[in-house]
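Order of the sequence lines sets the chain letters (A, B, ...), proteins ahead of strands, with each chain counted from 1.
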Number of protein chains: 2
Amino acid sequence: MFKSYNIVCMKQDKEVTIYDIADYLNISAATVSRGLKDHPTINKKTKKKILEAAQKLGYRSNAFASNLRTKQSKTIGVIVPRLNSYFMSTVIAGIESIANEEGYQLIISQSQEDEQKEAANAITLFNSRVDGIMVSLAANTKTTDHFKPFLEKNIPIVYFDRVVETPDSLTISIDNYKAAFEVTQHLIDKGCKRILHLGGNVNRNVYADRLAGYKAALKQAGLPTPDNLVFFSNLSEDAGVEAANYINNLKQKPDAVFSANDTCAAYCMIRLKQLGYKIPGNFLFAGFNNDPISKVVEPNLTTIAYPGYPMGQIAATHLINHLKGIADISSTNSVLLRHELIVRASTQK
Amino acid sequence: MFKSYNIVCMKQDKEVTIYDIADYLNISAATVSRGLKDHPTINKKTKKKILEAAQKLGYRSNAFASNLRTKQSKTIGVIVPRLNSYFMSTVIAGIESIANEEGYQLIISQSQEDEQKEAANAITLFNSRVDGIMVSLAANTKTTDHFKPFLEKNIPIVYFDRVVETPDSLTISIDNYKAAFEVTQHLIDKGCKRILHLGGNVNRNVYADRLAGYKAALKQAGLPTPDNLVFFSNLSEDAGVEAANYINNLKQKPDAVFSANDTCAAYCMIRLKQLGYKIPGNFLFAGFNNDPISKVVEPNLTTIAYPGYPMGQIAATHLINHLKGIADISSTNSVLLRHELIVRASTQK
DNA sequence: TTAAAAAATGCAACCGATTGCAAAATATTT
DNA sequence: AAATATTTTGCAATCGGTTGCATTTTTTAA
C-alpha cells in the first residue's frame, strides 16, 4: 500500500531527461543532447522542436551526468584568508560577477589565516574536481605544497593579492613595494624624519614588500631604520591599540606612522588621541587599502587605494580564458594592477 | 604517432576509480564502494585493505558519479544582495564555517539588489541541483515566485536577515521592530522630541519593521510623526550626504536622527559636521548594524548590534539538519536572534 | 534518373559510484 | 559432521548526458 503510494510520489517527482524528450518527439536521445547544446549538425527545425519540448516537459539538464561524462565541473574554487573583510569580499564580488557571466560556479572557502586549514580546503576543492582555483594565501602559509596536486593534474592556479611567484601559475597583485615607497616618500616630503612602520607577517609578499618599500624610501632619503621603528603584528584593531601604547612608551617618539593596513592605523590613531596626542600634530599617519573606515576616521587617513573588484574580475577572467583555451596562463607570469596614493587630512600638517 | 602518444598521456592522467582498487585487490567494485564509506557489512580487514589501496593508488572519489546516482549534490546555494558589505560577508563566513564542517559545498551568488538577477541566480542554483538554498532578499524583490521551483521539489529554503514569512520555509532574523523601538525610545529618553528617521526600502522587512518600530515608539510617547521626518533612500554613503543636506534645508530641524543603517548615519553625520552642526550638540544620532565604521566615526555611533556570524551559522545548521533529517524546517517558522542597543557618544548630550 | 556529396540522425558504449538481491564464505549450533 | 544462522561479498542494473562512428535522409551534381 504505502509502497505503491511512494512509487506514485516518486513518479511525480521524477526528473525529465533527454530520453523523455526523445520519446516525446520520437527521435533519439543523441539528437536531443546535440539539439540542446546547439550542435551544428542538427537541423534548425529539429532544434526548435527539442527546445519547445524541453520547455513544455519542464526539462532541466543534469550537470552531474554531464560532468561525469565530460570530466569537467564548470566550477572554480576560491580560497581566501577571511571572507569578512572589506577588501576580500570586494574581490570576491568581482570574481563572482565574471564567473556568473561565464557560467562558472564558485566554491568559496576560508583558510582563517591558517596553513593547515588552507591545505584542508585545497584537498576538498581538489576532490570536488574544480576546473581551477584562485588563492589568496593565509598569513602563516610557508609552502605551497598543498597545491601540488592541482599542478600535477594541470589544474590552473591563480594567486591574487597575497601571492607567491611560481613558474606555473599566474599572480595578480599590485606593486606593494612601490606603493609603500610612495607612501613613505610622501611622509618624508612632509618633513618626517622618524617614521614608524606597523608591519604584518613578512611571510606574505604584501607585508614583506610594504616593509621593503618603506625601508628603501628611508634609505634613499638617508634616514636611519632602527629596529624599534618597526612594530610587527597581525594588524588587527587590537594590534592598533597595542601599537599606540608601544609608541606612547617610546622614549624617542616617531613623527609619523605608516601602517600596512587601515584598520590598524585607525585604531592606533584613536588610541593615541585618547592618550592626548594630536594627529596630524604629533604624528602624521598613513595606512594602506583605502578601507571604508579610512575616510571616516578623524582625521581622514592617507592611504593607498587599490581596486578589489577589478582585481577579482581580472583574476577570474584570466582563469576562465585559460580554461576556455583562449589564453594560456603560463604565458603570463604576473599581472600588476595600478594603485593610487590618496592623500587625506592625516598627513596634512 | 601523435595519437598513440596522446593515449599514453591520457593513461598517465587517468583517474583511479573504485574499479582499479577492486582489480588491484581482486575483489568487487561493490565491496570497494562499501568499504570506502564504512558500510557495516564489510569486514574490517577488507576495509583496511581497501583504504590502504586507495591511498596507495591515489584514489579520489568522483562526486559527479556519486551525485548522479544518489541524486543529491551536497551543495547549498546562497543568494545575497551584495557580498561586499561587512554584515553580509560576516554572515557568509558563518555559513561557510558550518557547511565546511558538515561536508557541504557553498555556491554563492549576488543579486546586486535586483529582483531579476535574483531570479536568474535562483534558476542557476535550481539547475545545479543544490540540496537547499539560503536567501537574503534584494531590495526591490516583490514576489518570491522565482523560488517556487524549489518548493515544488521540496528543496528547503532558509531566509535570513531580509526575510519573507512563508508557510513552507524558515526565516532567521532579529526583531527589527523591537530593536528600532528601543533605539527610538532611547532617543526619547534623552529628551528628543523631533526624531528624524533615515529609512530604507519598505519592501524589505528589515526596513519596514525598523520604520514601524520607530513610529510605534513615537506614538507611545505621544510624539507626532509628520511625513517630512522620514527620509527614504538606499542608505548608501551618498544617501547619507543627501540626508544631511535635506536636514540642513528643513525649517524645523530635528533634534535626533535614527538611521536604518550605520553607513548612512555616519555619512550624514560627517556632512552635517561639515555644515557646521555639532553632534551630539545639535542632533543625537543612532544607526543600525554595528558596522565597523560605527566605532570609528566621531562621535562614535549609538547603534544596534546583531550577530552576523552566528546568524550564518544558525541558518546553515538549520538547513543542514533538515537535509540530514534530524530536524524539520517546517516545524519552526522563524528564529529570532538577540540584538543589543549599543550606546555610544553620539547619543550622550 | 542516377550517382555522389552533404546534412541530419541514430546506435551504443562510455563516465564511476551505488545498491537490492542473490550467492558465497564463515561461524555457530545441534 | 551436518545443519542452520550469520557475515561478507559479488552481480548487474541504474543514474543521465556525451560522442565516435555508422546509417539514413536530403540535397546537389552529373
Starting from the 5' end of DNA chain C, give me the residue, A:K47 or B:V16, whose nearest nucleotide shows up first. A:K47
What is the separation between atom NZ on B:K48 and atom P on D:dT8, rounded to the nearest whole Å? 16 Å
Grab the CG-P distance between B:L68 and D:dC15 for me, whole Å please. 9 Å
Taking the side chain as every heavy atom from C-beta outward, state whether A:Y19 and A:Y24 have any pair of such atoms under 4.5 Å apart. no
Want to settle it: does B:A65 or A:S33 sit nearer the 5' end of DNA chain D, counting the closest nucleotide to each? B:A65
Interatomic distance where OH belongs to A:Y59 and P belongs to D:dG16 [whole Å]: 10 Å
Taking the basic N atoms (NZ, or NE/NH1/NH2) and the acidic carboxylate oxygens, is any pair closer than 4.0 Å for B:R82 and A:E96? no
Report yes if at least one side-chain N or O of B:T46 is closer than 4.0 Å to OP1 or OP2 of D:dT9; otherwise report no. yes
Give a yes or no on whether a salt bridge exists between A:E52 and A:K48, defined as a side-chain N under 4.0 angstrom from a carboxylate O. yes
What integer distance in Å separates B:D20:CG from C:dG16:P? 8 Å
Quick check: on DNA chain D, is the nucleotide nearest B:N43 upstream (toward 5') of the one nearest A:S61, or the reverse? Name the residue that is more 5'. B:N43
Here the distance between atom P of D:dT18 and atom CD1 of A:I21, to the nearest Å, is 11 Å
Side chain of B:N62: nearest nucleotide among C:dA17, C:dT18, D:dT19? C:dA17
Check the phosphate of C:dG10 against A:Y19, side-chain N and O only, distance under 4.0 Å to OP1 or OP2. Yes or no? no
Base, sugar-phosphate, or nothing for A:I27, non-hydrogen atoms under 4.0 angstrom? sugar-phosphate
Where the side chain of B:I18 is concerned, which of D:dT18, C:dA17, C:dG10 is the nearest nucleotide? C:dA17
Would B:D38 and B:K47 pass as an ion pair if we require N to O under 4.0 Å? yes
Taking C:dT9, C:dT18, D:dC11 as options, the one with an atom nearest any side-chain atom of B:A30 is D:dC11
Can you identify which nucleotide, out of D:dT18, C:dA8, C:dC21, has its nearest atom closest to the B:R34 side chain? C:dC21
Do you know which of A:T141, A:N140, A:T144 makes side chain to side chain donor-acceptor pair (under 3.5 Å) with A:E118? A:T141
From CD of B:Q72 across to P of D:dC15 the rounded distance in Å is 17 Å
OP1 or OP2 of C:dT18 sitting under 4.0 Å from any side-chain N/O of B:K71? no
Check B:R204 with B:E113, please: is the shortest side-chain N to carboxylate O separation under 4.0 Å? no
Between A:R60 (CZ) and D:dC15 (C1'), how many Å, whole number? 14 Å
Looking at every strand, decide which applies to B:K44 at a 4.0 Å heavy-atom threshold: base, sugar-phosphate, or nothing. sugar-phosphate
A:T41 side chain N/O closer than 4.0 Å to the phosphate oxygens (OP1, OP2) of C:dA8? no
Where the side chain of B:T31 is defined as all heavy atoms beyond and including C-beta, which of C:dA17, D:dT18, D:dT9 is the nearest nucleotide? D:dT9
Here the distance between atom P of C:dC15 and atom CZ of A:R129, to the nearest Å, is 13 Å
What's the closest nucleotide to the B:S66 side chain, out of D:dG16, C:dA17, C:dC14? C:dA17
From D:dG17, D:dT14, D:dT8, nucleotide with atom closest to B:R69 side chain: D:dT14
